[in-house]
2 protein chains.
Amino acid sequence: MSVRNALLGLLAQKSRHGYELRSAFVAMLGGEANWDLKPAQVYTTLSRLAEAGLVKQQATLQSGGPEKTIYAITPAGKKELRKWFESPVEASHQQDEVYLKLVLSLATGNADPYHILQTQRASLYRQLHDVTTRRNDTDPERDLAILLLHDQTIMHLEADLRWLDMVEGRLDEIRKQPVPSPLSRTRGRPPNSAKDPPISLPERVKK
Amino acid sequence: MSVRNALLGLLAQKSRHGYELRSAFVAMLGGEANWDLKPAQVYTTLSRLAEAGLVKQQATLQSGGPEKTIYAITPAGKKELRKWFESPVEASHQQDEVYLKLVLSLATGNADPYHILQTQRASLYRQLHDVTTRRNDTDPERDLAILLLHDQTIMHLEADLRWLDMVEGRLDEIRKQPVPSPLSRTRGRPPNSAKDPPISLPERVKK
DNA sequence: TGACAAATCTAGTAACTTGTTTTATATTAT
DNA sequence: ATAATATAAAACAAGTTACTAGATTTGTCA
């Protein structure tokens, strides 16, 4: 949803055509190394925004070559954008993938958990090196925001590394425990708990 | 991709039908509060895995109720699974959404950046409280892995909170800088400006 | 006590949304 | 010729909403 809302935001700032939106988006994130937004995604997202009535075609310039369709945000789009600004971002479980690998390697015996930890650690160190290089190439006088973006990535990578150390330290303990399996839940209607008496609803009255 | 590979891993452990896979997946992550995998996603993922030849239908049981189609992993599926185990997890830009909101609020003036920071901070504290509660309800003697999973989430949330503080401390500085946005260029290859003479790269030498 | 309503679990399907990539095509400046 | 601008069609991938339908258990009322 971030691309969709970001395009909406950029159109709120100024009406633009597709390729211009892409350039602005990439510039906002400090280049293609940070977020390589494909041109095609801009156009698919734009057409979906137009279908939802959040943007509309304002004009189509044609000076010899292909048409440049300028898009503008609509009042409904501005409302949607405000909604996005006002709502917090919830965490996703993107981060759980390494955990899944570890647990499944223990469960299936198809891989060595220590090897997984090593591979992941090496990758995190490489990512940390790359982003630190980019961070140090960023001019704080011109692109302070992008510098802070890199800082966020660095902080996350450092947290991941510390977590890997924690896991490695307790891996033998985890090995001794069985893989968490589903507990058979009680079937059927749950018994009435005294704590939570049902409110007698008028709608429940029999005809 | 994690759901896809996790289902593959669970099938490597044991052949199962769709609903059983869902239960095992949810149990592995410590309940629906941590990852509420929708049944529909299991079945769509399974059919894509079957189409790719990574799993196959082993049998269809019917005991009174609806049919239970048992899936099994294929040799190609085992190979794919090993590949997943061996490759590191790369960071995604899921985390950049708050950054986008901040930069766009500054660019468009459609929202107050301080308000965004406040909202996000409140949400992070709530998430931190929730996961800490779940963590403390986890028995380390039985579910050490799930405890470590919660620790990972906590470490990420704490990093996010520290980052918000960093940003807030420098928000006035960021405000003074223009939003990084490229000029809309004319179509075709941009002309070489006299101000910015191209560095003669060896690669550019005409053959 | 027996019929029945209520609640929940099991198992799966259909349709849709969103994100992203692939591929194709045309234009224009150097 | 090549590199950059500019757009579109088609398709794939991931995930959600909403739904069907039977099975199981409990509560309630006549």
Side-chain angles (χ1 to χ4, degrees), chain A residues 1-7 16-23 35-52 57 60-71 92-94 182-194 196-198 200-201 203-207, chain B residues 1-7 16-23 26 32 35-49 51-52 60-71 92-94 182-193 198 201 203-207:
Chain A
M1 291 296 274
S2 16
V3 170
R4 183 185 132 117
N5 290 299
L7 293 188
R16 297 168 155 105
H17 60 84
Y19 210 81
E20 212 182 335
L21 279 168
R22 180 190 171 268
S23 310
W35 194 322
D36 181 21
L37 180 66
K38 303 284 188 292
Q41 196 185 342
V42 176
Y43 297 104
T44 46
T45 305
L46 271 177
S47 66
R48 280 169 192 162
L49 283 171
E51 205 178 349
Q57 295 191 8
T60 50
L61 304 183
Q62 182 147 20
S63 52
E67 291 183 345
K68 288 193 279 190
T69 309
I70 310 286
Y71 284 88
S92 67
H93 10 250
Q94 213 70 17
L183 19 122
S184 61
R185 290 192 255 185
T186 52
R187 303 183 54 138
R189 179 179 174 158
N192 279 350
S193 83
D196 185 27
S200 64
L201 297 168
E203 298 92 301
R204 293 256 178 101
V205 172
K206 201 189 256 183
K207 249 198 297 194
Chain B
M1 291 296 275
S2 17
V3 169
R4 184 185 131 118
N5 290 297
L7 294 188
R16 291 180 237 248
H17 59 83
Y19 208 81
E20 212 180 335
L21 280 169
R22 180 187 172 271
S23 309
V26 170
E32 272 143 44
W35 193 321
D36 181 22
L37 180 66
K38 305 287 190 294
Q41 197 185 343
V42 176
Y43 297 105
T44 47
T45 305
L46 272 176
S47 66
R48 278 194 287 261
L49 283 170
E51 204 179 350
T60 48
L61 306 183
Q62 182 145 20
S63 53
E67 288 186 344
K68 289 190 273 192
T69 310
I70 310 285
Y71 284 88
S92 66
H93 21 248
Q94 214 69 18
L183 318 166
S184 89
R185 292 180 248 193
T186 51
R187 196 178 306 106
R189 182 173 178 162
N192 283 347
S193 85
L201 298 168
E203 297 94 306
R204 292 257 178 101
V205 173
K206 203 187 254 180
K207 250 199 296 195

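Sequence lines set the chain letters: A, B, ... in the order given, protein chains first and strands last, and positions in each chain run from 1. Below, each value reflects all heavy atoms present in this structure, side chains not excepted, and no hydrogens, waters or symmetry copies.
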How long is the line joining [atom1] of [X] and [atom2] of [N], in whole Å?
{"X": "A:E20", "N": "D:dA6", "atom1": "CD", "atom2": "P", "answer": "8 Å"}
{"X": "A:Y43", "N": "D:dA9", "atom1": "OH", "atom2": "P", "answer": "13 Å"}
{"X": "B:R16", "N": "C:dT10", "atom1": "CZ", "atom2": "P", "answer": "15 Å"}
{"X": "A:H17", "N": "D:dT7", "atom1": "NE2", "atom2": "P", "answer": "6 Å"}
{"X": "A:L21", "N": "D:dA6", "atom1": "CG", "atom2": "P", "answer": "11 Å"}
{"X": "B:L49", "N": "D:dC12", "atom1": "CG", "atom2": "P", "answer": "16 Å"}
{"X": "B:D36", "N": "D:dG15", "atom1": "CG", "atom2": "P", "answer": "13 Å"}
{"X": "A:L37", "N": "C:dT20", "atom1": "CG", "atom2": "P", "answer": "8 Å"}

* Distance (rounded to the nearest 0.5 Å) between A:Y71 OH and A:Q57 CD ->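 If we round to the nearest 0.5 Å, A:Y71:OH and A:Q57:CD are 4.5 Å apart.
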
* Value rounded to 0.5 Å, distance of CG in B:L7 from CD in B:Q41 ->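 So the gap between those two atoms works out to 8.0 Å.
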
* Hey, does A:T45 reach any base, or is it just sugar-phosphate, or nothing, if we go heavy atoms under 4.0 Å? -> nothing

* To do: May I ask you to say what B:V42 touches in the nucleic acid, namely base, sugar-phosphate or nothing, with a heavy-atom cut-off under 4.0 Å?
  => nothing

* Asked: Does the base of D:dA14 carry an N or O that pairs as donor and acceptor with the side chain of B:R48 under 3.5 Å?
  -> yes

* Walk me through it: do B:T60 and B:K68 pass the test side-chain contact (heavy atoms from CB on, under 4.5 Å)? => CA-CA 5 Å; B:T60 48; B:K68 289 190 273 192; over 6 Å; no

* Has B:E51 got more than 12 heavy atoms of other residues, nucleotides or ligands less than 6.0 Å from its CD? ->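 For B:E51, atom CD is not crowded (no more than 12 foreign heavy atoms under 6.0 Å).
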
* To do: Run the numbers on B:S2 and B:W35 for side-chain contact (heavy atoms from CB on, under 4.5 Å), then give the verdict.
  => CA-CA 12 Å; B:S2 17; B:W35 193 321; 3.9 Å; yes

* To do: For the pair B:R22 (side chain) and B:L37 (backbone), establish whether a donor and an acceptor sit closer than 3.5 Å, ignoring hydrogens and angles.
  => yes

* Do side-chain atoms of A:Y43 reach the backbone of A:Y19 as a donor and acceptor pair under 3.5 angstrom? -> yes

* **OP1 or OP2 of C:dG12 under 4.0 Å from side-chain N/O of B:Y19** =>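 No.
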
Pick out the pairs of N or O atoms, protein on one side and nucleotides 17-19 of chain D on the other, that lie under 3.5 Å.
none

